[in-house]
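Nothing here was measured: the structure is a model prediction, and the numbers come from that model. Just so we're on the same page: letters track the sequence lines, and every chain starts at 1.
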2 protein chains.
Amino acid sequence: MKIGKRYTQARKRIFTAIEKMDKPVSAQEIYDYIKQNYEEVDLASIYRNLELMNKSDAVNVILFGEGKKRYELKNKKGHHHHLFCEGCGDIKDIKMKEENLINNVKDSQGFVIKKHNLEFFGLCPNCQ
Amino acid sequence: MKIGKRYTQARKRIFTAIEKMDKPVSAQEIYDYIKQNYEEVDLASIYRNLELMNKSDAVNVILFGEGKKRYELKNKKGHHHHLFCEGCGDIKDIKMKEENLINNVKDSQGFVIKKHNLEFFGLCPNCQ
DNA sequence: TGACATATTGCGAATTATTCGCAATAATGT
DNA sequence: ACATTATTGCGAATAATTCGCAATATGTCA
């Protein structure tokens, strides 16, 4: 899982940030996290690297309709989906049986399916 | 399925536009479509109404990670998901067995699940 | 039907997320 | 250590969406 051609400071920091925060994070959150550690990586560089990491399958892009993208390291945990609390924005991982998720797709009309996003929305215990 | 308190020109036009285009559309696409018909609704009003329609469950919000939201009327077709072509952006509806999609969610950690988004990404016949 | 109360619109400006161009800097191979 | 060039930082540019507010249009009720 190699990102770009050089192992730069920025990449180390971004990778570590995502890993440590251990949940789907936005570019801005990565920026803030790095800054908390008295280091800094320009936001534009964070975006550029997230795109690279996505293309090389190092991260997943996760969408909750907040108007921004969230990113999560791919290898860390196995394949899973998310529960997004519409009250407080809390995010939980969930696993589910889905051996047949793609097989069950009726008539994919000639599409070659490469990946899927499945997110659940609801209310966490505190927000119910 | 009532949107707001008044049945305004803007609402008629927006509703008709989404219905006629018959696919998940962005706010801008709604705006352009209405304009083609020599009518006009301000973009801000389109956004405001889409939000209302979403809250009152008249439309679904659909995300493909393009950096914008897409909207689709809810009642028209039954529950379904989408195939998004990463090549040309073409969108197809798909149905699938999912009686047990939610039931299969293991350990929802006290969340009350209200809805889910499931989108597939791949390549359409032309883009393969 | 006409007038009122107020929900909704249009307009312009403001935000927020993300992208771009380019010169300066830092990784890597030799 | 040096040269090559990938990558960064910076500042400006886009794109999507939101906001404030005055003007307008709807639904209601006398």
Colleague: Establish, for the pair B:K114 and A:F121, whether the NZ or CZ atom is under 6.0 angstrom from the six-membered ring centre and no further than 45 degrees off its axis.
Modeller: no
Colleague: Does D:dT17 have OP1 or OP2 under 4.0 Å away from a side-chain N or O of B:Y47?
Modeller: yes
Colleague: Under 4.0 Å between a Lys/Arg side-chain N and an Asp/Glu carboxylate O for A:K77 and A:E72?
Modeller: no
Colleague: What integer distance in Å separates B:N49:CG from D:dT18:P?
Modeller: 13 Å
Colleague: Does some side-chain heavy atom of B:I94 sit less than 4.5 Å from a side-chain heavy atom of B:H80?
Modeller: no
Colleague: When the distance from CD1 of A:I14 to P of D:dT8 is rounded to whole Å, what number comes out?
Modeller: 7 Å
Colleague: Could you give the CZ-to-C1' distance, from A:R11 to C:dT25, as a whole number of Å?
Modeller: 14 Å
Colleague: Would a distance-only check, ignoring hydrogens and angles, find a side-chain to backbone donor-acceptor pair under 3.5 Å from A:N54 to A:V59?
Modeller: yes
Colleague: Would you say B:P24 and B:H82 make side-chain contact, with heavy atoms under 4.5 Å?
Modeller: yes
Colleague: Whole-Å distance between C:dG21 P and A:D42 CG?
Modeller: 16 Å
Colleague: Reading nucleotides 22-30 of chain D from the 5' end, what letters show protein touch, with B for base, S for backbone sugar-phosphate only, - for no heavy atom under 4.0 Å?
Modeller: ---BBS---
Colleague: Quick check: does any side chain N or O of A:Q28 sit under 3.5 Å from a backbone N or O of A:L43, one acting as donor and the other as acceptor?
Modeller: no
Colleague: If you check every side-chain atom of A:L43, which of C:dT9, C:dT18, C:dC11 has the closest atom?
Modeller: C:dT18
Colleague: Mind listing the residues from residues 54-71 of chain A sitting with a heavy atom below 4.0 Å of DNA chain D? Number order is fine.
Modeller: none
Colleague: Do you know which of B:L50, B:N60, B:I46, B:I14 makes side-chain contact (heavy atoms from CB on, under 4.5 Å) with B:Y71?
Modeller: B:L50
Colleague: Could you tell me the separation between the CG atom of A:L50 and the C1' atom of D:dT8, rounded to a whole number of Å?
Modeller: 15 Å
Colleague: If you check the A:A44 side chain, which of C:dT9, D:dT8, C:dC20 turns out closest?
Modeller: C:dC20
Colleague: Between B:L52 (CG) and D:dT18 (P), how many Å, whole number?
Modeller: 12 Å
Colleague: Hey, can you tell me if B:F120 and A:H116 have their rings parallel, tilted or perpendicular (30° and 60° cut-offs)?
Modeller: tilted
Colleague: Atom CZ of B:R48 to atom P of C:dG12: distance rounded to whole Å?
Modeller: 14 Å
Colleague: Whole angstrom is fine here: how far is it from CD1 in B:I3 over to C1' in C:dA7?
Modeller: 14 Å
Colleague: Which residues in residues 16-40 of chain B have at least one heavy atom lying under 4.0 Å from any atom of DNA chain C?
Modeller: B:E40
Colleague: If you define the side chain from C-beta out and look only at heavy atoms, does anything of B:R11 sit under 4.5 Å from B:N49?
Modeller: yes
Colleague: Test A:E51 against every option in A:R48, A:K55, A:M53 by the side-chain contact (heavy atoms from CB on, under 4.5 Å) rule and name the one that passes.
Modeller: A:K55
Colleague: Indicate yes or no: does B:R70 engage B:E29 in a salt bridge with an N to O separation below 4.0 Å.
Modeller: yes
